[in-house]
Number of protein chains: 2
Amino acid sequence: MAKVEFNIACTLCDHLKDSLFNGLNPEDLSRINNHKTCIQYKKGQNIFYEGTRPTGLYCMNGGKVKVFKNNVQGKEFIIYIAKPGDFLGYRALLSEEFYQATATVLEDAKICFIPKESFFEVLQKNPTFMRRVVQAVCHEMGIMEEKLAELAHKSVRERLAANLLMLKESYGMEGEGSTLIELALSREDLASIVGTATETVIRLLSEFKADGLIAFEGKKIRVLDARKLAKQADLIIA
Amino acid sequence: MAKVEFNIACTLCDHLKDSLFNGLNPEDLSRINNHKTCIQYKKGQNIFYEGTRPTGLYCMNGGKVKVFKNNVQGKEFIIYIAKPGDFLGYRALLSEEFYQATATVLEDAKICFIPKESFFEVLQKNPTFMRRVVQAVCHEMGIMEEKLAELAHKSVRERLAANLLMLKESYGMEGEGSTLIELALSREDLASIVGTATETVIRLLSEFKADGLIAFEGKKIRVLDARKLAKQADLIIA
DNA sequence: CGAAAAAGATGACTTTTATCAGGTTTGATC
DNA sequence: GATCAAACCTGATAAAAGTCATCTTTTTCG
């Protein structure tokens, strides 16, 4: 499973508009572009490992990557799932620490690597870009605070429902009419997102299906009744 | 309970050395100093509320403040506890969002307020300071990832033990010999930190006390056997 | 000081969810 | 297409932790 290089100019990248690099001046973008290395990864390959030192930033061009931590007993907790346009591994890079999580490819991915020096150079030269990165990081932190409170006080059923809705929002196709979660997640991975046992996820999914809240389409899940699901998630009272 | 103003020059602040303002050039520090308002708060007073818009940054000069979210049933989850030298409310300020949490005084506090404009001005003028803020925010984020994984996969007993150790580290007195947690936490607040019910915390604390792991001194807890506590937290295998 | 409120403690009970053990189905590989 | 592994599913059981009710102790405050 050798790594395969590919190359797309950042200016021509389909996902530039979704990325933090969007709005960067041509000069800085070309600096990034000239120093990047783009690699195709197969499902199951690792991008980086917990405990190692970051040497640069990963920018997703295609596919899906899970970022997770392993606990002592080997159980995974998935912190987030990166999709095209997302940065990967920026937290440890910016805090100058070791990676605290491992990144593994969920769906065949194309990922560009930008060396630390180039990224930091642009960051330092360009206060507006720095400002936007800070804003994004702090927004992300808000999401994590939300997750913490959810994990602390909601039942597994509520968390599963909430996460299905979240996945629909984040990984649904363009357009509001979309209800299919464009992510071929195993039950095990879904359990690692919700923070529960695989068996529990299986049981609850069958219940949700029996109640007409969701449907299975191949390896993917379609949200049939977002409103009822939100009720299950205790997001709306009525 | 009127708010009482006080004033201490930032350059003379005892906690400057623990703060992100440490190392700031005299010019920038005086800009901060000249625009700040310092207020004394009593236990129980609120600094800011979830859902409101931040207008500046709070910098702790004394006391303790809890930052928490309320869930639908009114149960609190404490995200962190700010101590002197800490910034308060910077996440929402930097992400330009509403506060997602409420801040309430745990122990009578002295807090300086720096208006958004002054803080942003220094931030923009001073790339080194910006860099340090980013680094701190990303470090904080790493701690939250850790907490997420802990909440997802550890038992209440393990989490309580881990949190007691954490509290000892963060709120113990200076010097490594210190074992007393310098925080008068109610059982209810401790439960809100661990993410469990008050009764459960009470029961587990009695067990820890019976096993000689901790002792109560007034409203405070002393860690008697950090090693055994770490074993309870499943942090060490042996 | 004394009354009221808040915090702490304990017991009984129930619910939730993890775990284990055994199945079946699906999918990849030779 | 046979074989093996992985993923998925189901049921039984046990443990963990929440809830509720009650009681005691401590704190607050007029």
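Proteins get letters first, then strands, A, B, ... in listed order; numbering begins at 1 in each.
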Margin query: salt bridge (charged side-chain N to carboxylate O under 4.0 Å, His left out) for Arg91(B) and Glu145(A)? Distances and angles first, verdict last.
Written below: CA-CA 11 Å; Arg91(B) 196 209 59 79; Glu145(A) 290 182 359; 3.7 Å; yes

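- Checked against Asp189(A) for a salt bridge (charged side-chain N to carboxylate O under 4.0 Å, His left out), the options Lys219(A), Lys64(A), Lys43(A), Lys66(A) give a single hit: Lys66(A).
- In this structure, Leu205(B) atom CG and dA7(C) atom C1' are separated by 13 Å, rounded to whole Å.
- In this structure, Arg187(A) is positioned above the aromatic face of Phe216(A), its NZ or CZ under 6.0 Å from the six-membered ring centre and within 45° of the axis.
- Counting to the nearest Å, the P atom of dG11(C) and the CD atom of Glu207(B) are 12 Å from each other.
- The NZ-P distance, from Lys220(A) to dA7(D), rounds to 18 Å in whole Å.
- Across all strands shown, Thr196(B) has heavy atoms under 4.0 Å from sugar-phosphate atoms exclusively, and none from any base.
- The ring of Phe68(A) has its center no closer than 6.0 angstrom to the ring center of Phe77(A).
- With dA7(C), dT10(C), dC9(D) as the choices, the nucleotide that has an atom nearest any side-chain atom of Glu188(B) turns out to be dA7(C).
- In terms of modelled atom types and a separation under 3.5 Å, the side chain of Lys69(B) and the main chain of Glu50(B) share no donor-acceptor contact.
- Contact annotation: Ser186(B) side-chain N/O to dA6(C) OP1/OP2 distance is not under 4.0 Å.
- Rounded to whole Å, atom C1' of dG18(D) lies 17 Å from atom NZ of Lys154(A).
- Counting heavy atoms of neighbouring residues, nucleotides and ligands inside a 6.0 Å radius, atom NZ of Lys209(B) does not exceed 12 of them.
- Across all strands shown, Thr198(A) has no heavy atoms under 4.0 Å from either base or sugar-phosphate atoms.
- A straight line from CG of Leu106(B) to P of dA7(C) spans 12 Å, rounded to a whole angstrom.
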Next item on the list: Please test Lys83(B) against Glu182(B) for salt bridge (charged side-chain N to carboxylate O under 4.0 Å, His left out), starting from the C-alpha separation and ending with a verdict.
Entry: CA-CA 10 Å; Lys83(B) 59 176 189 292; Glu182(B) 282 294 340; over 6 Å; no

Next item on the list: Could you check Glu150(B) against Asn163(B) for side chain to side chain contact (heavy atoms under 4.5 Å, CB included), going step by step and ending with a plain yes or no?
Entry: CA-CA 10 Å; Glu150(B) 182 178 302; Asn163(B) 274 290; 3.7 Å; yes

Just the table, please: protein N/O against nucleotides 19-23 of chain C N/O, every pair under 3.5 Å.
unit_1	atom_1	unit_2	atom_2	d
dT19(C)	O4	Arg203(A)	NH2	3.0
dC20(C)	N4	Glu199(A)	OE2	3.2

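- Between the CZ atom of Arg187(A) and the C1' atom of dT10(D) there is a distance of 14 Å, rounded to whole Å.
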Next item on the list: Summarise how protein sits on nucleotides 22-30 of chain D as a single string, 5' to 3': B when a protein heavy atom is under 4.0 Å from the base, S for sugar-phosphate-only contact, - for no contact.
Entry: ---------

Next item on the list: Step by step, work out the side chain to side chain contact (heavy atoms under 4.5 Å, CB included) result for Asn61(B) and Phe6(B).
Entry: CA-CA 11 Å; Asn61(B) 175 66; Phe6(B) 72 103; 3.6 Å; yes

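- The nearest whole Å value for the distance from the CG atom in Leu190(A) to the P atom in dA7(D) is 14 Å.
- As a whole-Å value, the separation of His153(B) NE2 from dA16(D) P is 17 Å.
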